[in-house]
Protein chains: 2
Amino acid sequence: MSSTLTDRQQQILDFIYATLEKQGVAPSLREIQAHFKLASPFGVKRHVDALTAKGALRRLEGKARALLPPLPPARRGTLTDVPLFGTIPAGLPTAKDQEPERFVSVDTTSLGVRPGASLYALQVRGDSMTGASILDGDVVFLTLRAPRPRDIVAALIDGESTLKRFLLRNGQPYLGAENPRYPDLLPAQELVIQGVMIGLLRRVHP
Amino acid sequence: MSSTLTDRQQQILDFIYATLEKQGVAPSLREIQAHFKLASPFGVKRHVDALTAKGALRRLEGKARALLPPLPPARRGTLTDVPLFGTIPAGLPTAKDQEPERFVSVDTTSLGVRPGASLYALQVRGDSMTGASILDGDVVFLTLRAPRPRDIVAALIDGESTLKRFLLRNGQPYLGAENPRYPDLLPAQELVIQGVMIGLLRRVHP
DNA sequence: ACATGACGTGTACAAATGAACACTAAAAAC
DNA sequence: GTTTTTAGTGTTCATTTGTACACGTCATGT
C-alpha cells in the first residue's frame with residue numbers, strides 16, 4: 001500500500017502541501033509543471049497518479065484542483081479562529097467595536113462544541129482561580145449561554161471581566177473565587193455574565 | 001464593507017463552506033448551480049461576486065474552485081492531528097494502550113511548536129500533578145526532546161508512562177510528583193523520558 | 001546485453017470551469 | 001407609480017484543466 005516515495009514524488013507532494021498551505025487551494029497539474037519547469041503536464045499526472053496509488057494523496061478524479069491529504073476530512077475537525085481578548089472593558093464581547101488582540105485557532109470538535117457556536121477566548125490574568133487549576137497566562141474558551149451551577153463564568157466586575165464560579169445558595173445565584181485570598185459571595189444578579197467557560201489551553205514555556 | 005448578506009447569498013455561502021468541510025474542495029460554480037437547481041451558471045457567478053465584494057468570501061480569480069474563507073491563510077494555523085494515546089496515570093499506574101485511541105486536532109502555532117514537530121498527546125488520569133494544575137481528564141501535549149530542569153515529562157516507570165516533574169539535585173536528575181501524597185525522588189537515570197510537556201487542553205463538562 | 005522502472009518531451013483532445021451578454025420577473029426601496 | 005435591488009433563464013465563448021498517446025533518456029538490477 002504505502003510503499004516508499006521516490007525523491008521526485010516527495011518533492012511534488014511537498015509542493016502540493018506548500019501550495020495548499022500558502023494559498024488555500026491545491027495547485028493544478030500545470031501549476032506543478034510550471035513550478036518544476038517541466039515541459040509537459042503528462043509527467044506531473046503520472047507522479048500524482050503514483051502518489052494516489054501509494055496512498056500519499058487523495059484525489060477527486062476529474063475535478064479541478066481536487067488534491068487532498070489522504071485523511072478523510074470527516075475525521076478532521078473544524079479549525080476556527082477564536083478572537084482572544086485580553087480584558088473585556090464593557091458590553092458583550094461579540095460587539096463589533098471590540099478589537100480582539102489576536103486570534104487563537106482551535107479545533108471545535110476537540111473542544112466539544114459545534115462549529116457554529118459563538119466562541120471567544122480570554123487570557124487569564126492573576127491567580128484568583130488557581131483553586132480550579134487555572135493559572136496566570138492560561139487561555140480559557142468561553143461561549144455565550146446561560147450559566148449552570150458550578151460553571152466557571154466570566155463576569156463583568158468594575159469594568160473588568162473576571163473568572164468566577166457560578167453557584168447557588170438557597171436559590172440565590174452568587175459568584176465565588178477559587179482562591180481563599182479573594183472575596184467570595186458576590187451577588188450574581190447585579191453582574192453581567194459574559195460567558196461560560198468550556199475549555200482551556202495552556203502553553204508551557206517554549 | 002461587510003454589509004448584510006441576503007438570504008440567498010447566505011445560503012450559497014453556507015453551501016460553499018459545507019462542501020469545503022465535507023469533501024475538502026470548494027465547489028465549482030456549476031456544482032453550486034446544480035445544488036440549488038438553477039438553470040444557469042451566471043446567477044451563481046453574480047452571487048459569488050457579491051459575496052467577495054462584501055468581504056464574506058475570498059477568491060483567486062480565474063482559477064477553478066478557488067473559493068476561500070476571507071481570512072488570509074497566513075494568519076491561520078496549521079491543523080495537525082495529534083495521536084492521543086489512552087491514558088497516562090498521573091499517580092497510580094493503570095493499564096496502558098499501544099494504539100492511539102483517537103486523534104486530537106490542534107493548531108500548532110497556538111501551541112507554539114513548528115508544524116513539523118513530533119507531537120503526541122496523553123490523557124491524564126489521577127491526581128498526582130494537581131500541584132501543577134493538571135487535572136484528571138486533561139489532555140497534555142508532549143514532544144520528543146531532552147528535558148530541562150523543571151520541565152514536566154512523561155516517564156516510563158514499571159512499564160507505565162507517568163507525568164512527573166524533572167528536577168536536578170546536586171547535579172543528579174530525579175523526578176518528583178506535584179502532590180504531597182505521592183512519593184518523590186525517583187532516580188531519573190534509570191528511567192526513560194518519553195516526552196516533554198508543551199501544552200495542555202482541558203475540556204470542561206459540555 | 002536486456003528488461004524494468006522512474007523521469008521527461010511534444011502534441012493533441014475533451015471535459016470542466018469561469019466569464020459574458022441580453023432579457024425577464026418579483027420584491028423592496030424611493 | 002417608478003426606480004432599484006435581488007434573483008433567475010438561455011445561450012455563447014474563452015480559458016483552465018485533466019487525460020491520453022507515442023517516443024526518448026537514464027539509471028539499476030539481472
Side-chain angles (χ1 to χ4, degrees), chain A residues 1-70, chain B residues 1-70:
Chain A
M1 246 334 121
S2 75
S3 26
T4 334
L5 299 184
T6 66
D7 289 350
R8 203 53 159 164
Q9 286 164 4
Q10 186 65 52
Q11 288 173 27
I12 290 179
L13 188 64
D14 290 344
F15 175 70
I16 291 173
Y17 284 147
T19 307
L20 253 174
E21 185 90 3
K22 190 179 149 205
Q23 65 173 20
V25 187
S28 67
L29 294 192
R30 276 175 178 82
E31 285 174 356
I32 302 175
Q33 169 197 344
H35 178 263
F36 290 100
K37 301 199 198 320
L38 301 183
S40 165
F42 186 57
V44 176
K45 173 173 163 51
R46 239 183 344 207
H47 283 134
V48 171
D49 286 346
L51 285 171
T52 59
K54 289 182 179 178
L57 199 64
R58 195 162 50 95
R59 184 154 196 221
L60 313 180
E61 284 211 15
K63 295 188 175 178
R65 299 170 184 271
L67 308 172
L68 301 163
Chain B
M1 197 51 106
S2 77
S3 26
T4 333
L5 299 183
T6 66
D7 288 349
R8 202 54 160 166
Q9 286 165 4
Q10 186 64 52
Q11 289 174 27
I12 289 178
L13 189 63
D14 290 344
F15 175 69
I16 291 173
Y17 284 146
T19 307
L20 255 173
E21 183 91 4
K22 190 178 149 203
Q23 65 175 20
V25 187
S28 67
L29 296 190
R30 275 176 179 79
E31 285 174 355
I32 302 175
Q33 169 198 342
H35 178 264
F36 290 99
K37 302 197 195 323
L38 302 183
S40 163
F42 186 57
V44 177
K45 172 173 164 50
R46 239 185 345 209
H47 283 134
V48 171
D49 286 345
L51 286 171
T52 60
K54 290 182 179 178
L57 198 63
R58 194 163 50 94
R59 182 154 198 219
L60 312 180
E61 283 211 15
K63 296 187 176 179
R65 299 169 185 272
L67 307 172
L68 300 164

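Just so you know, these numbers use all the heavy atoms, side chains as well, and skip hydrogens, waters and symmetry mates. So you know, we letter chains A, B, ... as the sequences are listed, proteins then strands, and number each from 1.
- At whole-Å resolution of the value, CZ in A:R8 and C1' in C:dA6 are 11 Å apart.
- One atom, CZ of B:F42, and another, P of D:dT6, lie 15 Å apart when rounded to the nearest Å.
- Residue A:R65 is classed as a sugar-phosphate contact, given heavy-atom separations below 4.0 Å to backbone atoms only.
- Of the residues near DNA chain D, B:R46 and A:L29, the one whose nearest nucleotide (by heavy atom distance) lies more toward the 5' end is B:R46.
- For B:D7 and D:dG8, the CG to C1' distance is 16 Å, given to the nearest whole Å.
- The CD-C1' distance, from A:Q9 to C:dG8, rounds to 14 Å in whole Å.
- Judged by distance alone with a 3.5 Å cut-off, no donor-acceptor contact links the side chain of B:S40 to the base of D:dG8.
- Comparing B:A39 and B:K63 along DNA chain D, the residue whose closest nucleotide (by nearest heavy atom) sits nearer the 5' end is B:A39.
- A straight line from NZ of A:K45 to P of D:dC21 spans 10 Å, rounded to a whole angstrom.
- Taking atom CD1 of residue A:I16 and atom P of nucleotide D:dG18, one finds them 10 Å apart after rounding to whole Å.
- Note: A:H35 and A:F15 have parallel aromatic rings, judged against thresholds of 30 and 60 degrees for the angle between ring planes.
- Between the P atom of D:dT6 and the CD atom of B:Q10 lies a distance of 15 Å, rounded to the nearest Å.
- Close to C:dT17, at under 4.0 Å from its OP1 or OP2, lies no side-chain N or O of B:R59.
- Put simply, B:H47 has a side-chain N or O that comes within less than 4.0 Å of OP1 or OP2 on D:dA7.
- A:I12 places its CD1 atom 11 Å from the C1' atom of C:dG8, with the value rounded to the nearest Å.
- The closest side-chain donor-acceptor pair between B:R8 and B:Q11 falls under 3.5 angstrom.
- When each of A:R30 and B:S28 is assigned the nucleotide of DNA chain C with its nearest heavy atom, A:R30 is the one assigned upstream, toward the 5' end.
- A:Q10 and A:D14 share a side-chain donor-acceptor pair at under 3.5 Å.
- Using a 4.5 Å heavy-atom cutoff, the side chains of B:V44 and B:R30 are not in contact.
- You'll find the side chain of A:K63 stays beyond 4.5 Å of the side chain of B:V25, heavy atoms only.
- For B:A64, whose side chain is taken as the heavy atoms from C-beta onward, the closest listed nucleotide among D:dT17, D:dT11, C:dT9 is D:dT17.
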